[in-house]
Participant: 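Here it is, the structure in full.
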Amino acid sequence: AMARRSFMTFRAMNTAPEQTSSFSILNFAASSSAAALAQDVSSLGYRPRLEQGRIWLHRKLPSQNAKIVLIGEQAKRGIRSDEIVARLRDVPWICILDRRSGSNRNFMHAATDFLQAPWTPDELSVRLRRFADRIASRQRRLTEGLAETGIVGRNPAFLAALTTAERVAPSPAPILIEGETGTGKEMVARLIHRLGARKKSFVPVNCGCLPPDLVENELFGHQAGAYTGANSASDGLIQQAHGGTLFLDEIDTLPHRAQVALLRFLQSGEVRPIGGGMARKVTVRVLAASNRPLQELLAQGRFREDLFFRLNVVNIEVPPLRDRRDDIEDLVRHFLDRFERIYDRGPHQLSREALAWLLEHEFPGNVRQLENLIHRSVLSASEHSIALTDIAPPGTIPPVPATTLGIVPFNAARARALATFEKSYLIDLMGKSGWNVTEAAQRAGKERRTLGRLLKKHRIGPAWED
């Protein structure tokens, strides 16, 4: 079940031959050139969708599916090549240069593959097949990694963070993962380790839990006799992570002296235990995470600038759950499945009021808080249905008025208002999108599958087939 859910999560990126509809042609050339390319691609058995480059380029969250990017003279009119390349950074893409575009090294070096016009059908077929095979291989790695780490989510901003993680995982570069507490930074770090080249130990270190006087001892180890009570030599956590990944969580709490020592290690790649001895070369991937933006700590003089630049080679920001409300239902089902298996209970179904409350809640503790709420509800629910009182913390539910007053309870009214809003919004959205589900999903900033479920729920439009 986990592997299936993980596959669904990243389906938008899958461009294996059986999912050829997820190719799209991103056009920065004349319309006639794009139409000709679309016809050639279609004749090879693919079903591409055309996207206008200028519109895609200026969207806040542009679609992340694989692209065939057609570059022509239009790309030279007010659009820099490095701007296009930057927005395609986390997207697998094949570059096709129109005959009128000339050569462009930026595109050729940045793209997964490229082809210069004029091309033959055989040349185009070989390039697309090779591209599809690469994406299918990437998808298999992601599916396995997501299944192992238990990551669930399809929100565009969350997917952008995960695609960055997948893209940089094979490199040894340090990565800084930022996000509020409970957003899943360690899970992203474990995904990077799972997809990376250094397969030995994953060693997580919570810097906030290390006593200030013992931080260096914990990280670098010590020689026998280094201090009172050090009767034998001990390897530090960095040495234990040799050949694998060292994950430094809450790096923002690291004392100044330990920051200096860590910087020295990142520069030299050598560990010298406390008490002397020979320096040892250590090969380790360093990932760091912070609950607070390190840029703010730099301005306050509480974090070393040189260490920040060493750690921040790649930056990944994990969005808070309040910005991923479209993931809440999937996360709820994921946690229900897990705790039902652990306690041999269920299956459970959330009441409409309980789900409406979850969809509106701010979740200051993010995914971890949601997990704890579902955990408690599975244990406390007396029936297979989880009521609002089972899931909402005490004191957060308004008192239910007496029925003699004829007033609808607050949460029931909110659930009804939410349903009314959803239906009205969907009807308006689909009407303005010409009842094209793909276009409607892009306009709404939602995953196509999620929008399909909402249409099904409110019985809007023809029968939905995914």
Side-chain angles (χ1 to χ4, degrees), residues 7-8 10-57 62-75 81 84-143 159-160 163 166-167 170 436 438-439 441-442 447-449 466:
F7 177 82
M8 289 163 55
F10 264 81
R11 185 176 175 216
M13 289 180 55
N14 184 9
T15 53
E18 63 270 19
Q19 296 289 342
T20 53
S21 60
S22 51
F23 272 132
S24 64
I25 296 176
L26 190 60
N27 182 35
F28 290 98
S31 299
S32 57
S33 298
L37 176 61
Q39 185 174 356
D40 288 346
V41 173
S42 298
S43 69
L44 295 172
Y46 299 95
R47 290 178 288 122
R49 183 170 58 87
L50 273 172
E51 290 187 85
Q52 291 303 315
R54 289 178 180 272
I55 296 174
W56 178 89
L57 195 61
S63 58
Q64 296 290 306
N65 62 324
K67 309 289 184 189
I68 303 170
V69 183
L70 179 62
I71 303 295
E73 289 181 336
Q74 298 290 329
S81 62
I84 298 174
V85 168
R87 292 305 294 267
L88 288 165
R89 183 183 61 182
D90 297 325
V91 179
W93 60 294
I94 179 171
C95 177
I96 296 185
L97 299 174
D98 187 30
R99 69 182 68 198
R100 289 166 290 188
S101 68
S103 61
N104 190 303
R105 292 183 180 275
N106 276 359
F107 296 126
M108 291 180 178
H109 290 311
T112 307
D113 202 348
F114 72 92
L115 183 63
Q116 176 81 53
W119 58 80
T120 67
D122 286 344
E123 286 175 327
L124 184 61
S125 177
V126 168
R127 290 296 199 286
L128 293 182
R129 169 56 63 177
R130 186 165 63 192
F131 184 52
D133 287 345
R134 286 179 180 175
I135 302 305
S137 175
R138 176 179 175 179
Q139 175 63 44
R140 284 191 296 271
R141 290 197 318 126
L142 277 170
T143 300
L159 288 182
T163 51
E166 185 275 336
R167 178 176 55 84
N436 182 307
T438 299
E439 182 180 339
Q442 288 183 345
E447 172 70 27
R448 189 174 186 271
R449 182 184 291 269
D466 193 57

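These figures come from a predicted structure and were not determined experimentally.
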Participant: So which atom in Leu50 and which in Ala34 form the shortest heavy-atom distance, rounded to 0.1 Å?
Facilitator: CD2-CB, 3.9 Å
Participant: Ignoring hydrogens, what is the shortest heavy-atom contact between Pro48 and Val41? Give both atom names and the distance.
Facilitator: CG-CG1, 3.9 Å
Participant: Drop me the distance from Ile96's CD1 to Ser33's OG, to the nearest 0.5 angstrom.
Facilitator: 11.0 Å
Participant: Check side-chain contact (heavy atoms from CB on, under 4.5 Å) between Leu44 and all other residues, then give those that pass, not counting sequence neighbours.
Facilitator: Tyr46, Leu124, Ser125, Leu128
Participant: So, taking the atom named CG in Asn27 and the one named CZ in Arg54, what distance separates them when rounded to the nearest 0.5 Å?
Facilitator: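 The CZ atom of Arg54 is 10.5 Å from CG of Asn27, to the nearest 0.5 Å.
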Participant: Where do Leu97 and Cys95 come nearest, in terms of heavy atoms and distance?
Facilitator: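 Result for this residue pair: CD2-SG, 3.6 Å.
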Participant: Can you see which heavy atom on Leu26 is nearest to which on Gly53, and at what distance?
Facilitator: CD1-CA, 3.8 Å
Participant: List for me each residue that meets side chain to side chain donor-acceptor pair (under 3.5 Å) alongside Thr438, sequence neighbours excluded, and say none if there are none.
Facilitator: Arg448
Participant: By salt bridge (Lys or Arg N to Asp or Glu O under 4.0 Å), which residues pair with Asp113, not counting sequence neighbours?
Facilitator: Arg127, Arg130
Participant: Among all residues two or more places apart in sequence or in another chain, which pass the side chain to side chain donor-acceptor pair (under 3.5 Å) test with Arg134?
Facilitator: none
Participant: Nearest 0.5 Å, please: how far is CD1 in Ile68 from CH2 in Trp93?
Facilitator: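 These two atoms lie 12.5 Å from each other.
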Participant: Compare every heavy atom of Asp40 with every heavy atom of Trp119, then report the nearest pair and how far apart it is.
Facilitator: NE1-OD2, 3.5 Å
Participant: What closest approach, in Å, do Val85 and Phe107 show between heavy atoms, and which atom pair accounts for it?
Facilitator: CG2-CD2, 3.9 Å
